[in-house]
Trainee: 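Below: one structure in structure tokens.
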Amino acid sequence: MHFWLHVLKQGNDAIHLPNFRTFVVLETPVNYMEYDFRAIEKKWQDEWRKRNTYRVTDDNSKPKFYVLDMFPYPSGAGLHVGHPLGFIASDIYARYKRLNGFNVLHPMGYDAFGLPAEQYAIQTGRHPAETTQENITRYREQLDKIGFSFDWDRQVKTCEPNYYKWTQWIFLQLFKSWYNCKSKKAESIDTLIAVFQSEGFKGEAHEFLTGDIEHDVQPFTAEAWNGFSEKEKSGILMNFRMAYLSEAWVNWCPQLGTVLANDEVKDGVSERGGYPVERKRMPQWSMRITAYADRLLKDLDALDWTESMKDAQRNWIGKSEGTSIRFKLEKHDGVVEVFTTRPDTVFGVSFVTLAPEHELVNVVTTDEYRAAVDAYVNVAKNKSERERQADVKTVSGQFTGAYVLHPFTGARVPVWIGEYVLAGYGTGAVMAVPGHDSRDHAFAKHFGLPITQVIQPKDGAADVTAQSYDDKEGTCINSDFLNGLDVKAAIRRAIEEIEKRGFGKGKINFRLRDAAFGRQRYWGEPIPIYYKDGIPTPLSENELPLVLPEVDKFLPTETGEPPLARAKDWKYNGQYDYEWTTMPGWAGSSWYFLRYMDPKNENTFASADAINYWKQVDLYIGGAEHATGHLLYVRFWTKFLYDIGKIPVEEPAKKLVNQGMIQGTSQLVYRINGTNEFVSFGLRKEHDTTALHVDVNMVDNTVLDIERFKTWRPEFADATFILEDGKYICGSEVEKMSKRWHNVVNPDSVCDQYGADTLRMYEMFLGPLDQAKPWNTNGISGVHNFLRRYWRLFHDAQNNFSVSDEAASKPELKTLHKALKKLHEDIERMAFNTGVSTFMIACNELTDLKCNKRAVLEPLTIALSTFAPHIAEELWEKLGHSNSITAETFPAFDEQYLAESSFDYPVQINGKVRFKQTVAVGLSPADIEKEVMTGEEIQKWLEGKAPKKVIVVPNRIINIVV
RNA sequence: GCCCAGGUGGCGAAAUUGGUAAACGUUGCGGUCUCAGAAGCCGUUGGGAAUACCCUUGAGAGUUCGAGUCUCUCCCUGGGCACCA
């Protein structure tokens, strides 16, 4: 006699004998008789913890492999099924590498400083440390359920003093360094001071400054330097430090009350919250990432990252090669320096445009135009970033009354100001060539300025008065010594001539700007600086960590100072104010991969031994949205630490894989307007309806659970429904997974229903790792079914363990080795979706063969432990092993079994026949040795083989099926 | 506007170097088991044609004995950058 066991959706177990007529309707049919994943998964998670199975040591006898996930920010919402996608992939790869004899570092931690915890603190008064810790605890619970092989002993939290002590330490190193453009590396600021003491500063004549670092330091002699006050010296050195304080244009977000870095601003609004962002000039700590622009760009080539990721960084760095040209002012001593990538069009200049913020605007404006210019500049200044960006189509500008002289022709060229010229890029001034630049063209048209053609397109005439010809192809005309040259040659010739005559010089510009580093926020690392007599002074290293002080409120002070100004008696030595801004979110994440190597070290950020052993991340998995933020900053800090001799590698991660986002599938119901009646999806067009999002957990495969819906919200308690086929069918839409759309699916609920192994395999099965895809559970039963069938291979009909020690047959071995070979390939190239299929195919074949042979099941189970570690461990134990399966070796495949029954099928090419593709037909290896046959030989060769099917296209055998 | 990735059945997708397109899963349909629901198991599921034939990888051309894969043009979707001179 057998009985049925069903489970209520809520998790209440109930046993039903067959003659019972009352049944529990199943949400998810699960037969606990067989594969009891709940017991198995709990057992092994406990067991792994007890045995410290995944503890990692710096074992020099094995090759190392470092698999890293981008650590999560622990938000209050907990994990949804999208979060673990990358973690599962990295876990499979880490387990695979471990089984292949590597010593694998696979850690996890938390990026724990950040805005949401602080916003929550402002609203509720709860300390961010407290809520962050709660969120971390919740994350850990969720992560533990999925069966990851993280070494939790190495966990890091960026908000803990023993971690941010070293973030502050790195800040101090940056503060104490400058970038030498000659040696192309960061060096101790002492070397610069030594130069100043002995020879002063010669401006551009100093080779180490001929790079692209911008500063406004006037030349001085050694005597002058030695006579400067401490404050003056400090001010000058600030222009060279890697971490520096300066008056700078920043992205100010009034709603968030803080400054944002460029990558934190999207389309003129803050990435977090979507609040407007303005330009504001204020004292600001910055990181001189621009010094590394060229190296950050160049070193991308050697990285094993996707092209799109590298391109995103290339775009962001935005290198453009061109030249600066100085235009002498007509009635002043000064010059207007412009930057252009098209010096070949210099004879087409009809005016020069300055950015409204340009410092020369005030100087050159004539009295006649002063009022108009002031008005224009004022309007421009008061516009927010967003307004300015939204407004790109309107042409605006103002003549200053001033003229410059064309360097080659001496012609008078009017000086305008225009919003379309950006203060922060190049020199903040452009030479306008309306014939060959569409923006200049629009400006010229609008203000009736002359348009000259200086480039002749190859395919004949272009009417530049109607439209500018921007292409970098053609021949120079109306251009004196450039006439007849094509664009490329003309650019070279023009630069040569400009340099020779001293009008300017070839120059490389980057779009990349220095990164704003101070945040007017509480929940971040304090910047280890205090102000002694107005001089920003670093703490000494043994004074670290500078611990985040307590404050009464997390808001700015009444006078607008950052929250840290509220901290009572928080002064250096009881007398000097500390810096009140804190570090941005990206600070802690810019070096965490190093801390995992030696997370508990009290004396240094990580010991030299550990760093030399682990070196860098071999495989880094995370979201593509970090392309221009985290991934650029972590490369920057890595290069810096390399320069100052602290680490042996220049790049944080050799290989980067971006996992695609898992979107939510929102479910919609249709309420007939003005009623409380809901109409099913298929019939909604017959009514005037409004779509409402409903909780996806109330919907099973588009069918709404009406009873649950009624209890969901009080207003739906007496709702009525128009059904189709007796069901209420919901509409669906793919949207970002968020509470707002009620489409969040938790990994916990999937683990409860199907188990962690099913969740792991299903997330992989969903599609290619790097692709964005909506979450749906349509296929999850297929994956779950696979695991049950796999379980059944080891058990008889009564669920008794039953594995045979007989030798495996050839077809069984063939199935095994085919699967192993494919798994090696699938996992190596991170095609985990096909990896799941490979297991399924093998399982199907073995089921068909009724194979329960140890010789086949043992190796396959080791392979399965990468994807589904819990069930694999359980079966491994049942197979009589007392050791954890993690101690095994990933089974190698044996070509012999594959070769024995397959051959390369012949294809005739130009009268010769070649063997191209391996097809299994059961021929002897001797047949395969022949590489080339004529058509006649094939006929002979086939004799006696009785092929089932031979497809012959005139004179050509396409395929043979035996 | 510039740069990148992609477009294959009802759906998620596979095809790794140019070699039988649609593996694997799901959905639908049919069957089996059952007093019965569910699960399980078996068959079938790109299109057309009365069988073993033909057509089919966004569109069009090209290279090749052979193209989802390579080249060119175009269309569409997603992503990045953007008055960056």
Side-chain angles (χ1 to χ4, degrees), chain A residues 4 6 18-19 21 23-26 28-31 34 267 306-318 320 322 338-342 345 353 388-389 391-395 418-422 424-433 436-440 442-443 470 509-513 624-625 627-628 660 701 762 765-768 770-774 776-783 785-786 788-789 792 822 825-826 828-829 831 833-834 836-841 843-844 847 904-905 907-911 914-917 919 949 951 953-956 958-961:
Chain A
W4 304 84
H6 293 303
N19 18 358
R21 281 307 175 87
F23 292 98
V24 177
V25 177
L26 296 185
T28 307
V30 170
N31 190 337
E34 297 186 331
D267 301 322
T306 58
E307 272 312 306
S308 59
M309 189 58 39
K310 293 197 222 175
D311 270 319
Q313 292 213 346
R314 287 187 189 115
N315 266 332
W316 186 260
I317 296 167
S320 66
V338 303
F339 173 75
T340 180
T341 55
R342 296 295 303 274
T345 62
T353 316
R388 249 175 132 166
Q389 281 187 11
D391 220 24
V392 293
K393 284 192 182 96
T394 355
V395 178
E419 267 191 283
Y420 80 99
V421 179
L422 302 177
Y425 183 77
T427 58
V430 299
M431 61 174 216
V433 184
H436 305 282
D437 182 289
S438 51
R439 295 152 307 183
D440 297 341
F443 198 87
D470 293 19
N509 252 321
F510 294 97
R511 206 190 61 87
L512 185 73
R513 319 270 177 89
E625 67 273 18
T628 53
N701 227 341
Y762 184 60
F765 187 67
L766 220 43
D770 55 350
Q771 222 165 78
K773 54 225 156 193
N776 68 75
T777 46
N778 292 348
I780 198 164
S781 63
V783 171
N785 227 351
F786 153 73
R788 297 178 56 197
R789 286 165 64 122
R792 251 180 270 152
K822 187 118 189 358
E825 290 164 356
D826 288 343
E828 274 309 342
R829 67 191 172 102
N833 52 336
T834 54
V836 177
S837 296
T838 304
F839 280 116
M840 288 178 173
I841 294 165
C843 185
N844 289 349
T847 305
D904 287 352
Y905 80 77
V907 175
Q908 184 176 322
I909 299 169
N910 302 332
R914 292 173 195 283
F915 292 85
K916 291 295 271 190
Q917 196 192 9
V919 170
K949 185 173 162 188
I951 301 168
V953 174
N955 298 322
R956 194 164 75 243
I958 290 296
N959 193 17
I960 306 162
V961 180

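We use all heavy atoms of the structure for the numbers below, so side chains are in, but hydrogens, waters and symmetry mates are not.
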Trainee: Can you tell which of B:rU16, B:rU26, B:rC41 lies closest to the side chain of A:E825?
Mentor: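 Comparing B:rU16, B:rU26, B:rC41 against the side chain of A:E825, the answer is B:rU16.
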Trainee: Testing the 3.5 Å rule here: is there a donor-acceptor pair between the side chains of A:Y425 and A:S320?
Mentor: yes
Trainee: Round to the nearest Å and state the distance from A:D311 atom CG to B:rC2 atom P.
Mentor: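 Checked: the CG to P distance equals 15 Å.
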Trainee: Is the shortest side-chain N/O distance from A:Y425 to OP1 or OP2 of B:rA85 below 4.0 Å?
Mentor: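 Looking at the OP1 and OP2 atoms of B:rA85, one of them is under 4.0 Å from a side-chain N or O of A:Y425.
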Trainee: Going by the glycosidic torsion and a 90 degree boundary from 0, is the base of B:rG37 oriented syn or anti?
Mentor: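 For B:rG37, whose glycosidic angle is more than 90° from 0, the conformation is anti.
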Trainee: Base, sugar-phosphate alone, or nothing: which one does A:L422 contact when heavy atoms must sit under 4.0 Å apart?
Mentor: base
Trainee: Rounded to whole angstroms, how far apart are CG on A:D770 and P on B:rG80?
Mentor: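 It is 16 Å, rounded to the nearest whole Å.
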Trainee: How would you label the contact of A:D826 with the nucleic acid (heavy atoms, under 4.0 Å): base, sugar-phosphate, or nothing?
Mentor: nothing
Trainee: Which part of the nucleic acid, if any, lies within contact of A:T394, taking any heavy atom under 4.0 Å across all strands shown: a base, the sugar-phosphate backbone alone, or nothing?
Mentor: base
Trainee: Polar pairs (N or O, both sides) under 3.5 Å between protein and nucleotides 9-14 of chain B?
Mentor:
residue	atom	partner	partner atom	Å
B:rG12	O2'	A:L766	O	2.4
B:rA13	OP1	A:Q771	OE1	2.8
B:rA14	OP1	A:N833	ND2	2.8

Trainee: At 4.0 Å (heavy atoms only), tell me whether A:N844 reaches a base, stays on the sugar-phosphate, or touches nothing.
Mentor: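 It contacts sugar-phosphate atoms only.
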Trainee: Is A:V421 touching bases, backbone alone, or none of the nucleic acid, heavy atoms closer than 4.0 Å?
Mentor: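 Contact class for A:V421: base.
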Trainee: Under 4.0 Å between a side-chain N/O of A:N785 and OP1 or OP2 of B:rG40, yes or no?
Mentor: yes
Trainee: Side chain to side chain contact (heavy atoms under 4.5 Å, CB included) with A:A429: which residues, sequence neighbours excluded?
Mentor: A:V336, A:V338, A:L354, A:H358, A:T427
Trainee: For B:rG78, which nucleotide is its Watson-Crick or G-U wobble mate, given both distances must be under 3.5 Å?
Mentor: B:rC4
Trainee: In Watson-Crick or G-U wobble terms, both distances under 3.5 Å, what is the partner of B:rG19?
Mentor: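 Base-paired to B:rC65.
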Trainee: Can you tell if the side chain of A:T834 reaches within under 4.5 Å of the side chain of A:K822, non-hydrogen atoms only?
Mentor: yes
Trainee: Would you kindly give the CZ-to-P distance between A:R342 and B:rA85, to the nearest whole Å?
Mentor: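 Distance, rounded to whole Å: 11 Å.
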Trainee: Partner lookup for B:rC83, please. Criteria are Watson-Crick or G-U wobble with both distances under 3.5 angstrom; report none if nothing qualifies.
Mentor: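 Base partner found: none.
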Trainee: Using the P atom as the point on both nucleotides, what is the distance between B:rG78 and B:rA61, in whole Å?
Mentor: 28 Å
Trainee: Sequence neighbours left out, what passes side chain to side chain contact (heavy atoms under 4.5 Å, CB included) with A:T847? Give chain and number order.
Mentor: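 So A:T847 forms a side chain to side chain contact (heavy atoms under 4.5 Å, CB included) with A:R789, A:L793, A:C843.
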Trainee: What is the pairing partner of B:rG30, taking Watson-Crick or G-U wobble pairs with both distances under 3.5 Å in any strand?
Mentor: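 Partner of B:rG30: B:rC42.
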Trainee: In this structure, how many angstroms lie between the P atom of B:rA82 and the CZ atom of A:R314, rounded?
Mentor: 17 Å
Trainee: Could you tell me how far apart A:L512 (CG) and B:rC81 (P) are, to the nearest whole angstrom?
Mentor: 13 Å
Trainee: Are any of the side-chain nitrogens in A:K310 or A:E307 under 4.0 Å away from the carboxylate oxygens of its partner?
Mentor: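 Here A:K310 pairs with A:E307 in a salt bridge, since their nearest N and O are under 4.0 Å apart.
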Trainee: Has A:R511 got a side-chain N or O lying under 4.0 Å from the OP1 or OP2 atom of B:rA82?
Mentor: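 Checking A:R511 against B:rA82: at least one side-chain N or O falls below 4.0 Å of OP1 or OP2.
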Trainee: Is there a side-chain polar atom (N or O) of A:S320 under 4.0 Å from OP1 or OP2 of B:rA85?
Mentor: yes
Trainee: Across the strands shown, which category fits A:R513 at heavy-atom distances under 4.0 angstrom: base, sugar-phosphate, nothing?
Mentor: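 Base, at least one base heavy atom under 4.0 Å.
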Trainee: Let's go through A:F339 and A:V430 carefully: what are the C-alpha distance in whole Å and the side-chain angles of both, what is the deciding distance for side-chain contact (heavy atoms from CB on, under 4.5 Å) to 0.1 Å, and is it a yes or a no?
Mentor: CA-CA 6 Å; A:F339 173 75; A:V430 299; over 6 Å; no
Trainee: Quick one: A:H436 NE2 to B:rG1 P, roughly how many Å, whole number?
Mentor: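 The distance from NE2 of A:H436 to P of B:rG1 comes to 21 Å, rounded to the nearest Å.
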Trainee: Send over the distance from A:F839 CZ to B:rA23 C1', rounded to a whole Å.
Mentor: 17 Å
Trainee: I need the minimum non-hydrogen distance between A:M309 and A:A627, along with the two atoms involved.
Mentor: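 Answer, listing the atom of A:M309 first, then A:A627: SD-CB, 3.4 Å.
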Trainee: Under a 3.5 Å cut-off for both contacts, is B:rU73 paired Watson-Crick or G-U wobble with anything, and if yes, with which nucleotide?
Mentor: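 By the stated definition (distances under 3.5 Å), B:rA59 pairs with B:rU73.
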Trainee: Donor-acceptor pair, A:R511 side chain versus A:I317 backbone, under 3.5 Å?
Mentor: no
Trainee: Can you find a side chain N or O atom of A:N315 that sits less than 4.0 Å from OP1 or OP2 on B:rG79?
Mentor: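 Result: no.
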Trainee: Roughly how many Å is it from CH2 in A:W316 to C1' in B:rC2, rounded to a whole number?
Mentor: 16 Å
Trainee: Suppose we define a pair by two distances each less than 3.5 Å, Watson-Crick or G-U wobble; what does B:rG12 pair with here?
Mentor: B:rC24
